[in-house]
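Below is one structure; the comments refer to it alone.
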There are 2 protein chains.
Amino acid sequence: MVGRASTPGRRGRPRQAEVARLAGVSQTTVSLVLGGNKQGIALHEDTRARVLAAARELGYVPDPAARRMARARNNLLGVFSFTATFPVDVEHSYYPILVGVEREAVARGYDLVLFTGSSSGPAQTVAPGALQRVRMADGCLFLGRHIPEGELRRLVDDNFPAVHIGRRDELEGLAWVGVDYVSASAEVVRHLAGLGHRRIVLVRESDDAPASADRERGFRMALAELGGPNGAAVVRTARPGADITPAWVRARVAEGVTAFVAEETDTGAAWRQLLAAVNGAGLDVPGEVSLALLGSPPADLAGRPQPTGFDVPRAELGSAAVRMATALLAGEEAAEPLVACTFRPGRTAGPAPGRP
Amino acid sequence: MVGRASTPGRRGRPRQAEVARLAGVSQTTVSLVLGGNKQGIALHEDTRARVLAAARELGYVPDPAARRMARARNNLLGVFSFTATFPVDVEHSYYPILVGVEREAVARGYDLVLFTGSSSGPAQTVAPGALQRVRMADGCLFLGRHIPEGELRRLVDDNFPAVHIGRRDELEGLAWVGVDYVSASAEVVRHLAGLGHRRIVLVRESDDAPASADRERGFRMALAELGGPNGAAVVRTARPGADITPAWVRARVAEGVTAFVAEETDTGAAWRQLLAAVNGAGLDVPGEVSLALLGSPPADLAGRPQPTGFDVPRAELGSAAVRMATALLAGEEAAEPLVACTFRPGRTAGPAPGRP
DNA sequence: TTGTATGCGTTATCAT
DNA sequence: ATGATAACGCATACAA
């Protein structure tokens with residue numbers, strides 16, 4: 001006789017075999033009855049009842065580990081963050097995403113495994129091999145700025161369902177979901193155009209984040225549709241906002257510009273400075289000039305005035321990631337990678353001066 | 001030949017057998033090497049290295065379900081929330097706890113499994129059987145207001161390591177971790193006593209939450225130590241704060257009361273109203289009366305003035321829960337269930353009038 | 001309609 | 001020092 005001496009992990013829980021004994025049937029029958037009989041196999045109503053009764057009497061509950069092993073899936077979806085999964089500093093940008101991830105995961109019957117990546121080590125260092133742990137789950141969502149390309153590439157090459165939250169083109173073959181900044185930005189411009197604005201200026205920062213580039217692309221795209229004179233429509237501020245002064249605003253208005261659009265940034269600097277400059281110039285918003293913000297305002301000036309623009313649907317981004325992952329998992333090639341922003345009318349955009 | 005036709009869920013996840021093939025050893029040896037060789041069996045350093053290399057090359061990670069079955073442990077710690085794990089409304093009370101849970105879990109080599117309880121269904125309805133899924137993990141933390149006693153009892157009776165976050169005496173045998181409101185409240189009173197205050201009044205709400213009861217207990221305990229005249233030292237406000245008026249404050253002061261203590265509540269009503277009443281009475285704080293808050297102030301009046309009192313260490317609470325769970329897991333009987341609050345000097349308490 | 005045999009991936013025991 | 005083998009609990013192809 002071979003085997004473990006004392007069944008270490010046994011928790012005194014009844015198994016199908018015991019239910020079977022009590023009901024006077026085989027373990028197979030128990031599995032069949034309790035499994036809902038997906039195969040549509042015929043069963044005596046009598047047997048069924050006896051099994052059910054026995055199971056209830058013993059308080060049987062299936063062992064998830066065993067069940068998952070037998071089906072070679074565990075209905076576990078991983079979430080790997082390159083920083084702490086519950087970061088303290090960027091709490092407000094991660095949390096809403098996790099909300100969406102959870103919601104969609106629940107809807108699809110998945111539980112979430114939070115892989116704790118680098119939290120223990122210093123800074124962004126992902127312990128070597130740590131990434132491979134995610135293979136434990138059926139698929140995994142990745143979250144964070146700096147990704148360890150090597151390890152991630154291995155997962156992708158092995159056809160492991162990996163989805164990055166946020167656009168990610170560097171890593172060929174890595175699935176991602178992202179925000180459709182292009183469309184959202186274009187929509188804002190079209191809204192302004194609908195109000196009669198023809199000369200519009202975009203204020204953005206000088207770094208080259210994909211999110212910034214996309215916004216500019218959408219802005220230019222919509223501007224091109226207008227067909228008007230659009231020279232120098234985009235301003236990149238080296239030091240965030242430092243170049244946006246009341247004088248600068250007045251000069252643009254003198255040139256015929258009637259609307260200003262700022263991009264959202266971590267600090268909200270562009271919007272903040274634009275507001276200040278317009279106020280400093282003594283211009284009424286939206287009476288004399290219209291303003292719009294490509295994103296959400298910084299928390300400290302959330303309400304006053306509510307900016308025309310769009311909101312980034314972070315929760316929806318999380319949900320989309322889950323959908324993408326489950327699609328990959330099911331062998332379907334891809335789901336929709338882009339989530340749409342919701343237009344926010346706000347109170348900073350009005351009819352262009354000189355129009356009804 | 002019998003077996004499933006197409007290995008449905010296979011994702012090319014490498015197993016020990018493949019590592020063994022690559023390393024040119026048996027699967028048993030792989031298990032031995034990768035399992036850390038707990039049995040202290042002699043191994044050629046050479047073999048060890050080859051196995052390790054092969055495992056890394058293939059990106060091998062153990063299957064938690066299989067591990068669970070064979071060894072009955074998988075270094076997975078569950079977190080089950082009776083509401084959504086990432087609730088939108090109480091965001092700020094859950095998040096810090098999760099931060100602590102994650103930190104301690106990482107430190108102890110556990111990954112977290114978020115079991116998504118009832119988020120899909122209406123209100124607090126936990127799907128029947130949903131709770132039993134947590135058995136996949138080595139242990140589980142429970143979080144939330146209303147607990148499904150029946151299902152939880154079954155886990156407890158089966159000796160499954162379950163830890164409730166928040167005091168929970170209803171369910172005999174259920175381990176829990178909680179905040180030591182008694183000591184913290186007593187400490188605040190003693191602090192006031194040290195400043196010369198002898199007549200102190202506690203303002204609390206009328207509901208009977210454990211947290212409220214504990215605070216009152218600590219308050220009374222410390223008051224008893226003072227031995228002074230303490231009749232009617234506790235006021236329960238039916239409608240939060242409605243009874244706390246400037247006139248009421250003046251009456252108490254006329255009786256010789258020199259300090260007021262409010263409990264923290266969801267809405268912060270008690271503290272809010274106390275502040276307003278004292279201001280309305282035209283009394284200087286802390287010159288003429290001292291105030292203290294048994295907890296943290298509501299966010300909207302966080303800074304002004306910073307209340308004397310204590311902070312609830314929510315992150316520490318999460319960490320304590322993990323410690324408790326791992327203790328149970330290891331067979332040790334219990335860890336420390338109470339976490340201490342940190343005293344906050346604040347600026348609302350000063351020497352009692354008529355003292356140096 | 002029900003039972004028998006087998007495999008999922010891992011750990012642990014017993015032979016080599 | 002390494003390999004063969006038996007469980008763990010469940011699901012399923014196949015035989016009866």
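Lettering of chains follows the sequences in order, A, B, ..., and the numbering in each one begins at 1. The analysis underlying the following values was restricted to heavy atoms, covering all of them including side chains, and did not include hydrogens, waters or symmetry mates.
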Rounded to the Å, how far apart are [X] [atom1] and [N] [atom2]?
X        : N      : atom1 : atom2 : answer
B:Asp138 : C:dT10 : CG    : P     : 16 Å
A:Asn74  : C:dG9  : CG    : P     : 12 Å
A:Asn75  : D:dA11 : CG    : C1'   : 15 Å
B:Asp63  : C:dT10 : CG    : P     : 6 Å
A:Arg68  : C:dG7  : CZ    : P     : 24 Å
B:Met69  : D:dC8  : CE    : C1'   : 4 Å
B:Arg67  : D:dA7  : CZ    : P     : 22 Å
B:Arg135 : D:dC8  : CZ    : P     : 17 Å

**Asked** Counting heavy atoms not belonging to A:Glu170, are there more than 12 under 6.0 Å from its CD?
**Response** yes
### Message
Parallel, tilted or perpendicular, judged at 30° and 60°: which one describes the rings of B:Phe80 and B:Phe142?
### Response
tilted
[X] side chain: which of [options] is closest?
X       : options               : result
A:Thr47 : D:dC8, D:dA11, C:dT1  : C:dT1
B:Ser31 : C:dT11, C:dG7, C:dT2  : C:dT11
A:His44 : D:dG3, C:dT1, C:dG3   : C:dT1
A:Ala70 : D:dA11, C:dT2, C:dT10 : D:dA11

Side-chain N,O (B:Thr28) to OP1/OP2 (C:dT11) below 4.0 Å: no
- Task: Would you please confirm or rule out a distance under 4.0 Å between OP1 or OP2 of C:dT2 and any side-chain N or O of A:Gln27?
- Result: no
Contacts of B:Ala66 and B:Arg48 projected onto DNA chain D by closest heavy atom; the upstream (5') one is B:Arg48
A:Leu328 vs A:Phe160, side chain to side chain contact (heavy atoms under 4.5 Å, CB included): CA-CA, chis, key distance, verdict:
CA-CA 9 Å; A:Leu328 259 44; A:Phe160 179 86; over 6 Å; no
Contact class for [X] (heavy atom, under 4.0 Å): base, sugar-phosphate, or nothing?
X       : answer
A:Gln16 : sugar-phosphate
B:Thr29 : sugar-phosphate
A:Val30 : nothing

Value for CG (A:Asp111) from CG (A:Asp138), rounded to nearest 0.5 Å, stands at 10.5 Å
Original post:
Is there a side chain to side chain contact (heavy atoms under 4.5 Å, CB included) between A:Asp158 and A:Arg135 once you walk through the steps?
Top reply: CA-CA 10 Å; A:Asp158 286 355; A:Arg135 305 183 101 118; 2.4 Å; yes
